[in-house]
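In what follows, every chain begins at residue 1, and chains take the letters A, B, ... in the order their sequences are listed.
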Protein chains: 2
Amino acid sequence: MATIYEVAALAGVSPATVSRVLNGAAVSPEKVRLVRDAAEQLNFTPNRTARRLRNQTSELIALLIPDVENPFFTALARGVEDRAQSAGFSVVLCNTDDDPAKETRYLDIANSENMAGVILAPSSEDGDIRHLTDRNRPVVAVDRNTGLNIDSVMVDNRAAGIAATSALFDAGYSRVACIAGPLGLEWTEERSLGWRQVVSRRGDGDGVVRPEYIQHANYRVDGGRAAMAALLALDNPPDAVVTTNNLMGVGALQVLSEAGITPPEFGVAVVGDLPFSTLSPDAITQVHLPARHLGTTAANMLLERIAGDTQPARTVVLRAALTQGATPAVRR
Amino acid sequence: MATIYEVAALAGVSPATVSRVLNGAAVSPEKVRLVRDAAEQLNFTPNRTARRLRNQTSELIALLIPDVENPFFTALARGVEDRAQSAGFSVVLCNTDDDPAKETRYLDIANSENMAGVILAPSSEDGDIRHLTDRNRPVVAVDRNTGLNIDSVMVDNRAAGIAATSALFDAGYSRVACIAGPLGLEWTEERSLGWRQVVSRRGDGDGVVRPEYIQHANYRVDGGRAAMAALLALDNPPDAVVTTNNLMGVGALQVLSEAGITPPEFGVAVVGDLPFSTLSPDAITQVHLPARHLGTTAANMLLERIAGDTQPARTVVLRAALTQGATPAVRR
DNA sequence: ACACTCCAAGAAATCGGTTTCGTCAATAGT
DNA sequence: ACTATTGACGAAACCGATTTCTTGGAGTGT
């Protein structure tokens with residue numbers, strides 16, 4: 001690969017001048033032409049590693065997400081990339097598998113790679129980002145809270161749970177269950193709290209929430225399947241269900257379909273999007289999480305910090321948008 | 001961030017010795033201890049940028065895919081990452097949007113970032129990877145062919161199309177249509193050729209393939225929707241359909257569901273996986289493309305090249321595995 | 001006891017850019 | 001006409017590792 005020295009030699013100038021041409025500093029028009037010609041001729045591309053070592057920064061942003069196979073996170077990644085791209089930054093996507101050790105490893109890499117900043121969907125509340133913040137590298141949390149004093153972009157999970165549940169009652173269902181993720185994860189707890197809040201007010205139990213109507217499962221497709229199967233096996237099964245994320249929604253719908261039940265017959269509201277649902281998209285109530293927007297917003301905040309913004313840490317809370325599914329014909 | 005010089009000063013040795021300790025060269029046990037203690041105390045992490053500038057390589061692999069939001073490519077990415085991870089490499093995921101310009105940009109970045117190698121799902125047949133190959137950086141093509149003489153990992157697309165179509169005839173359907181992607185893309189052309197081959201032999205047209213039974217659409221969900229709607233509107237509609245990828249399959253199934261038709265009633269075979277199908281996974285015939293395996297295989301080949309393997313370019317062709325969907329009760 | 005080998009470890013070069021510093025010439029000001 | 005100012009541009013330092021070269025001291029053989 002050609003270096004700046006070879007370009008300088010060919011153009012008959014010093015390496016410093018070549019650098020100045022590349023970076024738009026003051027150089028006489030005639031030397032600019034000489035350097036451009038030489039660079040062209042040698043097919044010169046500046047070595048980013050060398051540039052980075054000197055500048056102590058790069059146009060690289062790390063994005064740490066728990067799972068690239070989850071459409072929610074890929075949509076988020078898309079948002080980050082679009083925004084970063086247009087600002088001349090590239091995005092390095094890293095899978096943490098919700099494993100704090102992997103997360104720490106990637107954070108260290110981001111640091112020692114001199115990346116410009118990090119957008120993090122944290123796997124735990126107390127990740128160690130001191131290495132980065134010590135060096136003034138901005139970190140933005142997205143989708144999940146940390147105990148740290150950093151910028152963050154969140155979704156109003158409680159409101160999302162409330163919206164999903166209310167929509168089912170509005171559609172005429174009365175026995176609304178909930179398929180929630182494991183205990184101890186804030187996002188699912190908040191969403192199921194939203195469910196609980198609505199059910200205790202509008203449910204048929206006079207303010208009492210049936211404990212068997214909330215199922216905790218792992219938050220993946222198989223978890224949703226198991227939970228839905230359990231709900232259908234109850235003595236007094238529900239007539240509708242809220243799932244606190246997209247994947248469990250998929251599992252629940254699969255089990256329903258296997259039992260010969262199709263949505264308006266049994267109400268389903270999903271907190272999250274089902275981009276690859278094989279049902280008609282408007283058969284199901286979806287609380288669309290603004291995944292992509294979450295990404296662009298986080299990227300924006302990060303880019304502002306990279307540009308030198310030093311205002312105190314901000315938290316932006318975005319709201320989800322509901323699309324109402326079909327309503328059951330009999331109840332009309 | 002602490003540097004090797006500060007560690008050296010604290011330990012009372014030279015920077016060279018610190019480097020030797022870090023890289024396992026011969027150093028007396030007592031100095032090893034001194035250096036380790038100093039490094040620990042300063043919370044030292046070696047600067048990868050500096051290391052990379054000197055070594056002219058890094059433990060970074062670029063993976064260029066057309067679309068992170070497509071589950072096929074995320075599964076592939078997962079495979080690459082798993083393999084890379086276990087060999088101590090990190091993966092940089094880049095979206096090309098099937099845009100040759102973006103692809104070229106990322107290839108240049110991979111080059112000037114001194115990345116160890118590139119795995120590429122090429123957007124066109126004639127991408128320019130000379131910058132990389134000139135510097136002896138291995139490139140492996142995956143999923144799609146290039147005109148270049150490099151390692152590649154492919155799927156037997158023709159066989160996949162044949163398998164999908166045959167499975168529908170085996171299940172008792174007789175008027176099998178095909179929803180294919182746009183003309184000119186090898187993967188979809190091959191798969192639809194497989195369909196044509198089976199239909200001309202087993203279809204009800206005595207070797208003649210009805211031209212209206214092959215619909216070309218864009219290869220996304222909306223394309224599948226449009227194509228399925230067109231098929232249903234025919235005077236003599238098909239009783240089953242093959243789609244040449246996962247996303248068009250989703251679209252087709254949505255339209256069927258909206259028309260009140262559920263799979264065993266109308267045969268659907270998808271070349272590709274439907275990880276988020278809301279139907280029971282075994283209601284539909286799927287030709288499972290080994291996406292993840294494609295990724296691990298490509299990563300393996302790349303790692304071998306990085307390690308110095310210089311044998312002539314290889315092409316590995318993987319085969320898809322069929323899972324038969326439910327068969328229509330009436331035809332039994 | 002003396003020459004020779006061997007090995008640990010420091011000094012210095014290196015990777016390829018960017019940037020500071022200093023020089024020299026051209027222009028402006030009085 | 002002579003000094004002050006400005007601007008282009010080369011020389012050299014710098015970023016933080018790794019590695020070659022070199023040196024000095026310990027160990028070995030006769």
Grab the CG-C1' distance between B:Asn55 and D:dT19 for me, whole Å please.
-> 10 Å

When you check the phosphate oxygens OP1 and OP2 of C:dA9, does a side-chain N or O of B:Ser28 lie under 4.0 Å from one of them?
-> yes

Is any side-chain nitrogen or oxygen of B:Thr3 closer than 4.0 Å to OP1 or OP2 of D:dC15?
-> no

Tell me what A:Ala25 touches on the nucleic acid: a base, only sugar-phosphate, or nothing, going by heavy atoms under 4.0 Å.
-> nothing

For the helix from C:dA1-D:dT30 to C:dT30-D:dA1, measure the angle between the helix axis at one end and the axis at the other, each built from five pairs, rounding to 10°.
-> 40°

Do A:Thr45 and B:Asp108 have a side chain donor and acceptor closer than 3.5 Å?
-> no

Which is true for B:Val27 with a 4.0 Å heavy-atom rule: it touches a base, it touches only sugar-phosphate, or it touches nothing?
-> sugar-phosphate

Nearest non-hydrogen partners of A:Phe44 and A:Ile4, listed with the distance = CE1-N, 3.6 Å

Does any donor-acceptor pair link the side chain of B:Arg51 with the base of D:dT18 at a separation under 3.5 Å?
-> no

Please check if any side-chain donor atom of B:Thr49 sits under 3.5 Å from a side-chain acceptor atom of A:Thr49, or the reverse.
-> no

From CZ of B:Arg33 across to C1' of C:dA8 the rounded distance in Å is 17 Å

Only one of B:Gln311, B:Arg314, B:Glu304 passes side-chain contact (heavy atoms from CB on, under 4.5 Å) with B:Asp151, and that residue is B:Arg314

Per A:Ala50 side chain, nearest of listed nucleotides C:dA11, C:dG17, C:dT18 | C:dG17

Answer with base, sugar-phosphate or nothing: what part of the nucleic acid does B:Ser19 contact at a heavy-atom distance below 4.0 Å?
-> base

Given C:dG10, D:dG16, C:dT18, the nucleotide with the shortest approach to the side chain of B:Tyr5 | D:dG16

Checking D:dA17, D:dT19, C:dA8 against the side chain of B:Pro46 (C-beta onward), the nearest is D:dA17

Side-chain donor/acceptor contact of B:Arg20 with base of C:dG10 under 3.5 Å | yes

A:Arg48 and A:Glu59 ion-paired at < 4.0 Å = no

Respond yes when some side-chain nitrogen or oxygen of B:Thr17 is under 4.0 Å from OP1 or OP2 of C:dA9, and no when none is.
-> no

A:Leu22 CG to C:dG16 C1', straight-line distance once rounded to whole Å = 12 Å

Look at the side chain of A:Ile4 and decide which nucleotide, out of D:dA17, C:dG17, D:dG10, has an atom nearest to it.
-> C:dG17

Which comes earlier along DNA chain C counting from the 5' end, the contact point of A:Thr45 or that of B:Ala16, where each point is its nearest nucleotide?
-> B:Ala16

Whole Å only: how far is the CG atom of A:Asn111 from the P atom of D:dG16?
-> 12 Å

Which nucleotide, D:dC15, C:dG10, D:dA17, lies nearest any side-chain atom of B:Lys31?
-> C:dG10

Under 4.0 Å between any heavy atoms, over every strand shown, what does A:Ala2 touch: base, sugar-phosphate, or nothing? Just pick one.
-> sugar-phosphate

Verify whether one side chain among B:Arg83 and B:Asn300 offers a donor that lies under 3.5 Å from an acceptor in the other.
-> yes

Got a list of side-chain donor-acceptor pairs under 3.5 Å for residues 96-106 of chain B, not counting sequence neighbours?
from	atom 1	to	atom 2	distance (Å)
B:Thr96	OG1	B:Ile65	O	3.3
B:Thr96	OG1	B:Asp98	N	3.3
B:Asp97	OD1	A:Arg78	NH2	2.3
B:Asp97	OD2	A:Arg78	NH2	3.1
B:Asp97	OD2	B:Lys102	NZ	2.8
B:Asp98	OD1	B:Arg144	NH1	3.0
B:Asp98	OD2	B:Tyr219	OH	2.7
B:Asp99	OD1	B:Ala101	N	2.8
B:Glu103	OE1	B:Ser123	N	2.8
B:Glu103	OE1	B:Ser123	OG	2.6
B:Thr104	OG1	B:Pro100	O	2.8
B:Arg105	NH2	A:Gln85	OE1	2.4
B:Tyr106	OH	A:Glu81	OE2	3.3
B:Tyr106	OH	A:Gln85	NE2	3.1

Comparing nearest nucleotides in DNA chain C, the 5'-proximal residue of the pair B:Gln56, B:Val13 is B:Val13

Integer-rounded Å distance: C:dG16 P and A:Asn47 CG | 7 Å

Out of C:dT18, C:dG17, D:dA17, which nucleotide sits closest to the side chain of A:Asn23?
-> C:dT18

Decide, yes or no, whether a salt bridge links A:Arg292 with A:Asp273 under the criterion of side-chain N to carboxylate O below 4.0 Å.
-> no

In terms of side-chain heavy atoms of A:Ala26, which of C:dG17, D:dA8, D:dA11 is nearest?
-> D:dA8

So, does the side chain of A:Arg48 form a donor-acceptor pair with the base of C:dG16 at under 3.5 Å?
-> no

Roughly, in whole Å, what's the span from CZ in B:Arg52 to P in D:dT19?
-> 16 Å

Does the A:Asn95 side chain pair with the main chain of A:Val68, one donor and one acceptor, at a distance under 3.5 Å?
-> yes

A:Arg54 has its side chain closest, among D:dG16, D:dG10, C:dG16, to C:dG16

Round to a whole Å and report the spacing from CG of A:Asn114 to C1' of C:dT18.
-> 14 Å

